[in-house]
Amino acid sequence: MEDGTRHLGLCVVDMKELSASPEGLSAAGVTLTTNVRQLEFSLACNDLVAPGRDGKPNALVQVAVIDPQKQHLVFHACTEIVEANKDPLFLTGVTFPSEYPDSPETIVKLTVCDARSKSQESSSFLGSATFSVGDLLRAKDEQLTLSLRSSDGVCAAGTVVVSRLKMEEMEEENIDHIATNTTLQKCPLVCESGHHSCIDREDSPQTGPVFKNPTCKVYRFQTMDSKWMFVREQMEECTLSFSIPKQLLLLYIQEDKSRVHDLQELGELSPHWDNLRKEVMTQYGGVISSYQETLAEMDNITGCSFKPSCCKAQKPLEFIPINLHTQRMRVTCPKKADAFYDIVTVGAPAAHFQGFKCGGLQRLLSRYESDKKSFSAAYQCIYYSPEHTAKAQEVLSTMGLLQPLITGSADQLLLAAHEHSSSGMRDALKSLSDKTEQFVHTLKDELVKSALLALHAARPGYVTKSQKQPLEQSHRQVNQGSEQNQNPVQGLPGHSPATPVTESPVVCNNVEGSAEEAGPAALKHQDSIPHHKEFDEEEWDRVWASVAKCLNCVIAMVDKLQEGGNSKQEPAPELQLADVITSHNPGDWKEQLCPLEAACSTPQGFLLQQRRDVVFSQALAALACGFVMKLYAGLRDKNFLRQLHLVGLVAQFESLLSTYSEEIGMLEDMEVGISDLQKVVFTITEAKTDKLSELQPSVWGRRDHFTVEVPLPQVIFQTLPEEMKEGKPLRVYPVLFNVGINEQQTIAERFGDISLQERINQRNFELLEAYYKTLSEKVPLECLPCFQTRTNIKELLETLGQNVVTKKRKNVEILWTAGTICRRLNGIRFTSCKSAKDRTSMSVTLEQCALLRDEHQLSKDSFVQALDCMRSRLTQGDGGQWEDLEAGATTENKPASRHFYPIALLLVSSHLLVVWLILSLVFLLAKYQ
């Protein structure tokens with residue numbers, strides 16, 4: 001076979017490199033394989049003979065390769081089962097990827113079996129045939145008709161027809177011409193592959209360097225104008241399933257260790273508060289230890305790139321999303337540009353290991369807030385509402401971002417002053433002024449002031465106003481006699497020299513004489529906060545006045561240096577500038593302004609935080625996977641890149657969970673996890689090299705704000721808009737719509753409560769509407785993708801809004817309309833159920849067939865056939881599990897070919913299920929009577 005490989009900036013993972021390392025990654029260059037001649041062929045049988053059932057077998061064909069060097073069978077593929085047909089035409093073809101033996105001498109063995117019935121897991125041997133690759137390539141019209149050899153050697157079992165598929169040539173022909181040549185082309189064809197080249201062409205958008213183990217299928221369906229359309233599906237696993245949770249665990253551990261350090265640095269507290277601090281630090285220690293153990297166990301897992309549903313309740317894998325896969329459908333029609341439709345499938349982000357006995361995050365958090373109010377009142381703690389907590393996290397996060405920027409600007413200013421660079425000093429001073437202004441604006445918040453007051457009240461020796469007034473009267477004479485002895489506190493920032501401070505052995509917080517015992521050492525870490533008096537408005541204003549004076553002093557120093565030009569006669573201004581800048585350590589701000597934020601936390605609060613971490617980890621891994629796939633697909637689309645950096649992308653999560661039993665808890669977890677994705681932004685960076693290890697996304701930040709960096713190859717990075725190259729944060733707007741479709745949802749709608757689903761849909765409709773409004777204001781709607789159906793997005797939103805408030809059972813119109821709007825808005829599509837298997841596959845295949853019908857004129861007669869093809873499950877086995885049936889033996893390894901008609905009917909109507917339930921009850925009653 002010819003092997004055309006060329007190096008490109010576009011990144012596609014070479015599968016040989018992926019399988020070479022335990023993590024599926026290597027440091028090899030990024031390559032794109034094109035123009036590889038693939039051996040693909042279709043299968044059909046004639047005149048099959050089987051005992052019983054009127055001689056009409058349920059036929060299937062197992063395909064194996066005989067390795068010419070090792071001379072043993074290697075199981076490769078299997079067709080679907082065609083029921084009760086002695087002349088079956090199989091819709092499943094066979095594809096040999098390049099890593100398989102593909103020399104002309106390679107022998108392929110076809111074994112035809114009778115699956116008896118789909119309810120039985122046994123197969124019987126009907127006949128077999130062998131051929132070489134060279135025979136097929138040399139045959140006339142590249143088609144072979146082989147006689148099947150029965151187990152007794154008599155060739156009376158029928159024939160099998162092998163026809164080579166040349167997909168690119170077929171795209172040029174119409175149905176009439178193909179049907180004239182051979183009757184084997186009257187039905188849609190499907191080929192299956194485990195290699196990228198099954199669908200890769202030079203003009204094909206790529207999925208990115210984080211995907212591996214692709215499974216490819218190719219179909220051909222009839223359109224309404226009697227043409228062939230070709231549909232290619234490619235499903236891949238994503239390495240981010242493990243890499244993102246691992247990075248998050250490291251960040252969680254780092255953040256919690258930092259909080260423990262901050263708590264230690266609060267200095268001396270009263271016994272009550274000190275005991276609370278110790279309890280909180282113990283809880284943090286337990287969380288850190290648990291996360292470290294989980295991370296160590298995850299590091300020991302090699303060779304896996306996704307978590308199967310059977311492992312969803314395992315603790316070492318609780319941070320990993322369930323069955324995270326990507327699926328791309330490519331549609332090729334004659335004389336039309338190819339269309340691509342991407343979707344990410346993943347199990348609902350939920351804490352399966354912790355269970356759902358008490359509900360999910362939404363319910364648990366609401367209950368926790370109520371309990372925290374009672375706890376705070378009982379134990380004399382300070383209660384902060386969720387809004388205040390979120391604001392505090394925002395302040396701390398902003399402060400953490402600004403502090404290093406201020407320090408860096410100050411260092412640049414000193415360096416420019418040392419080098420006597422006037423322009424450098426001017427730029428550094430502007431940056432320092434801007435960042436300082438933002439810093440002051442962030443901290444001039446009532447919540448910060450109340451936090452300082454709370455910390456002040458927790459100090460040993462705190463005196464309230466009610467205690468302070470009588471004490472001042474009783475000690476006035478003593479104070480008058482000692483005016484010349486200034487108290488050490490008076491000279492500190494924030495104090496007025498004219499304001500005397502009274503020390504007294506009578507204090508609050510149940511600490512007697514603590515002020516006397518502590519002495520000056522007690523003030524070591526509290527030199528910016530008043531101790532024995534109320535923290536009033538004037539002192540709060542003096543703090544910011546002092547900051548402004550310091551900044552003005554720096555500006556004056558810079559002006560003086562600039563006036564001196566290049567003269568080096570007076571170095572004093574430089575030294576004064578250095579003294580002013582370095583006189584205050586920025587770390588002191590954080591030390592003094594970090595309140596005892598977790599002092600009122602209960603053990604339940606830490607358990608909820610752990611649960612939230614687990615759910616968010618799964619949700620972020622899925623979002624990062626979808627973002628990378630969408631980014632690589634749109635690298636050549638200028639309109640998409642414009643929308644990305646001006647507004648951002650909508651990420652629509654479609655959920656099929658019921659509002660009954662445990663799935664209520666899963667939906668409550670998922671709601672919070674998807675909502676938490678609002679605190680995530682993406683940035684694009686330039687990779688140092690084009691190695692796969694350099695192209696993996698990375699995460700940094702803390703729980704209230706995370707940034708995912710996506711590196712691109714240097715050649716591609718240079719083509720991006722300037723805003724993206726400069727590191728502009730790219731926003732993603734997550735929305736969640738849920739409609740339960742299974743039998744449990746029927747029970748919930750008739751006898752339970754679906755208010756959770758209604759509230760989620762209503763709230764996220766409002767978010768989606770707000771995103772569209774923002775998008776229409778900043779980006780012309782002409783930049784959005786074009787579709788054959790011309791329905792206006794506004795009309796679609798109106799339809800969605802009506803469906804959201806309509807009381808209708810299993811209203812799947814909500815999901816279909818929301819999915820359509822997402823694609824019109826160039827968004828990222830996700831589909832989820834409990835494990836991303838049956839219900840998810842039903843939804844995805846139905847959506848794909850609907851797209852083929854609405855956008856590509858799939859004929860009505862072919863719709864059901866296309867749906868049936870996509871919903872069949874074709875086994876991909878291995879040689880160790882496959883058993884040769886030529887001796888006439890039976891095997892339990894029957895390839896599964898499952899069709900989910902009952903669930904498909906649920907997507908249309910729930911009445912059939914109700915009828916089925918009634919008939920079942922009648923049958924049971926009659927049986928027991």
Side-chain angles (χ1 to χ4, degrees), residues 241 244-245 248-249 252 287 290-291 294 307 309 311-324 344-369 386 604-624 651-680 703 706 734-740 742 744-745 748 752-761 763-764 767 830-837 839-840:
S241 293
I244 293 294
L248 279 178
L249 277 170
Y252 291 153
V287 174
S290 175
Y291 284 2
T294 300
K307 181 176 75 173
S309 60
C311 301
K312 60 177 173 285
Q314 293 184 8
K315 179 172 174 50
L317 301 177
E318 62 177 342
F319 288 86
I320 311 298
I322 302 170
N323 279 331
L324 177 59
V344 180
T345 59
V346 62
H352 292 274
F353 172 76
Q354 300 182 30
F356 310 97
K357 184 178 180 179
C358 299
L361 271 173
Q362 189 272 334
R363 193 189 324 173
L364 292 173
L365 288 172
S366 178
R367 188 183 306 158
Y368 172 66
E369 290 300 324
Q604 179 66 18
F606 285 92
L607 291 176
L608 282 179
Q609 185 59 66
Q610 288 179 271
R611 188 183 190 100
R612 199 165 189 169
D613 290 345
V614 167
V615 175
F616 177 76
S617 173
Q618 298 178 25
L620 180 59
L623 179 65
Q652 187 244 330
F653 289 81
E654 174 186 292
S655 170
L656 305 172
L657 294 171
S658 67
T659 55
Y660 183 79
S661 188
E662 285 190 344
E663 292 196 5
I664 296 181
M666 298 177 199
L667 183 57
E668 291 173 340
D669 276 357
M670 187 176 184
E671 178 190 9
V672 176
I674 301 304
S675 177
D676 285 346
L677 293 177
Q678 295 177 5
K679 56 191 178 184
V680 177
R703 285 182 176 90
F706 285 103
V735 293
L736 169 65
F737 291 93
N738 183 85
V739 176
N742 62 359
Q744 289 187 336
Q745 184 64 22
D753 181 15
I754 61 172
S755 59
L756 173 63
Q757 174 176 288
E758 293 174 344
R759 180 179 56 79
I760 289 175
N761 292 339
R763 178 177 178 272
N764 285 273
L767 295 176
F830 300 84
T831 297
S832 299
C833 63
K834 181 178 180 179
S835 301
K837 293 193 300 184
R839 281 174 281 178
T840 297

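Not measured: the values here are computed from a predicted model.
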Handout entry: Distance in Å, Ser241 OG paired with Ile322 CD1, rounded so as to fall on 0.5 Å steps
Key = 11.0 Å
Practice task
Could you tell me whether a side-chain N or O of Asn764 sits under 3.5 Å from a main-chain N or O of Leu736, the two making a donor and an acceptor?
Solution key: yes
Handout entry: CA sep, side-chain torsions, deciding dist, call: Tyr368, Leu607, side chain to side chain contact (heavy atoms under 4.5 Å, CB included)
Key = CA-CA 11 Å; Tyr368 172 66; Leu607 291 176; over 6 Å; no
Exercise for the section: In plain terms, say whether Glu671 and Arg763 are close enough for a salt bridge, that is, a side-chain N and a carboxylate O under 4.0 Å apart. Expected result: no
Fill in the blank from the handout: In terms of heavy-atom contacts, Thr840 and Cys833 come closest through OG1-SG, 3.0 Å
Practice task
List in chain and number order the residues that pass side chain to side chain contact (heavy atoms under 4.5 Å, CB included) with Ala622, two or more places apart in sequence or in another chain; answer none if no residue qualifies.
Solution key: Leu324, Val346, Phe830
Handout entry: Residues, nucleotides or ligands: over 12 heavy atoms within 6.0 Å of Phe356 CZ
Key = yes
Problem - Reference residue Thr659; test side-chain hydrogen bond (donor to acceptor under 3.5 Å, both in side chains); the match among Glu668, Gln744, Gln745 - result: Gln745
Exercise for the section: Flag the pair Arg703 and Asp676 as a salt bridge only when some basic side-chain nitrogen lies within less than 4.0 angstrom of an acidic carboxylate oxygen. Expected result: no
Problem - Closest contact, heavy atoms only, Ser655 versus Leu667 - result: OG-CD1, 4.1 Å
Practice task
Supply the atom-to-atom distance Gln314 CD to Phe353 CZ, rounded to the nearest 0.5 angstrom.
Solution key: 10.0 Å
Practice task
Over all heavy atoms of both residues, which pair between Ala621 and Pro245 is shortest? Give the atoms and the distance, please.
Solution key: CB-CD, 4.3 Å
Exercise for the section: Measure the spacing between CG of Leu657 and OG of Ser832 and express it to the nearest 0.5 Å. Expected result: 7.5 Å
Practice task
For the pair Arg611 and Leu364, evaluate side chain to side chain contact (heavy atoms under 4.5 Å, CB included) and give the outcome as yes or no after the intermediate values.
Solution key: CA-CA 10 Å; Arg611 188 183 190 100; Leu364 292 173; 4.0 Å; yes
Exercise for the section: Scan side-chain atoms only and decide if Asn761 and Gln757 contain a donor-acceptor pair under the 3.5 Å cut-off. Expected result: no
Exercise for the section: Evaluate the side chain to side chain contact (heavy atoms under 4.5 Å, CB included) criterion for residues Val735 and Gln652: first the C-alpha distance (whole Å), next the side-chain angles of each, then the deciding distance (0.1 Å), finally the verdict. Expected result: CA-CA 5 Å; Val735 293; Gln652 187 244 330; 3.9 Å; yes
Practice task
Report yes if the side chains of His352 and Ser835 come closer than 4.5 Å at any heavy-atom pair, otherwise no.
Solution key: no
Fill in the blank from the handout: Nearest heavy-atom contact between Asp669 and Leu361 is OD1-N, 2.7 Å
Problem - Between CE on residue Met670 and NZ on residue Lys834, distance to nearest 0.5 Å - result: 14.5 Å
Exercise for the section: Write down the atom of Val615, the atom of Pro349, and the distance for their closest heavy-atom approach. Expected result: CG1-O, 3.6 Å
Problem - Test item: Gln609 and Val287 side chains (from C-beta on) under 4.5 Å apart, heavy atoms - result: no
Exercise for the section: Identify whether the distance between the nearest side-chain nitrogen and carboxylate oxygen of Glu662 and Lys312 falls below 4.0 Å. Expected result: no
Problem - Contact check, side chains of Leu677 and Phe616, non-hydrogen atoms, under 4.5 Å - result: yes
Exercise for the section: Just say parallel, tilted or perpendicular for the rings of Tyr252 and Tyr291, cut-offs at 30° and 60°. Expected result: tilted
Fill in the blank from the handout: When rounded to the nearest 0.5 Å, the distance separating CG of Leu656 from OG1 of Thr831 is 7.0 Å
Problem - Point-to-point distance, once rounded to the nearest 0.5 Å, from CD of Gln362 to CD1 of Ile760 - result: 7.5 Å
Practice task
List for me each residue that meets side chain to side chain donor-acceptor pair (under 3.5 Å) alongside Gln678, sequence neighbours excluded, and say none if there are none.
Solution key: none
Problem - Derivation of the side chain to side chain contact (heavy atoms under 4.5 Å, CB included) call for Leu608 and Gln604 - result: CA-CA 6 Å; Leu608 282 179; Gln604 179 66 18; 3.9 Å; yes
Handout entry: Exercise: identify the closest heavy-atom pair between Lys837 and Ser309
Key = NZ-OG, 3.2 Å
Completion exercise
Paired with Ile244, the side-chain contact (heavy atoms from CB on, under 4.5 Å) test is passed by just one of Ile320, Leu620, Leu249, namely Leu620
Practice task
Look at the side chain of Thr294 and the backbone N and O of Ser290, then say whether any donor-acceptor pair between them is shorter than 3.5 Å.
Solution key: yes
Exercise for the section: Look at the side chain of Glu663 and the backbone N and O of Ser658, then say whether any donor-acceptor pair between them is shorter than 3.5 Å. Expected result: yes
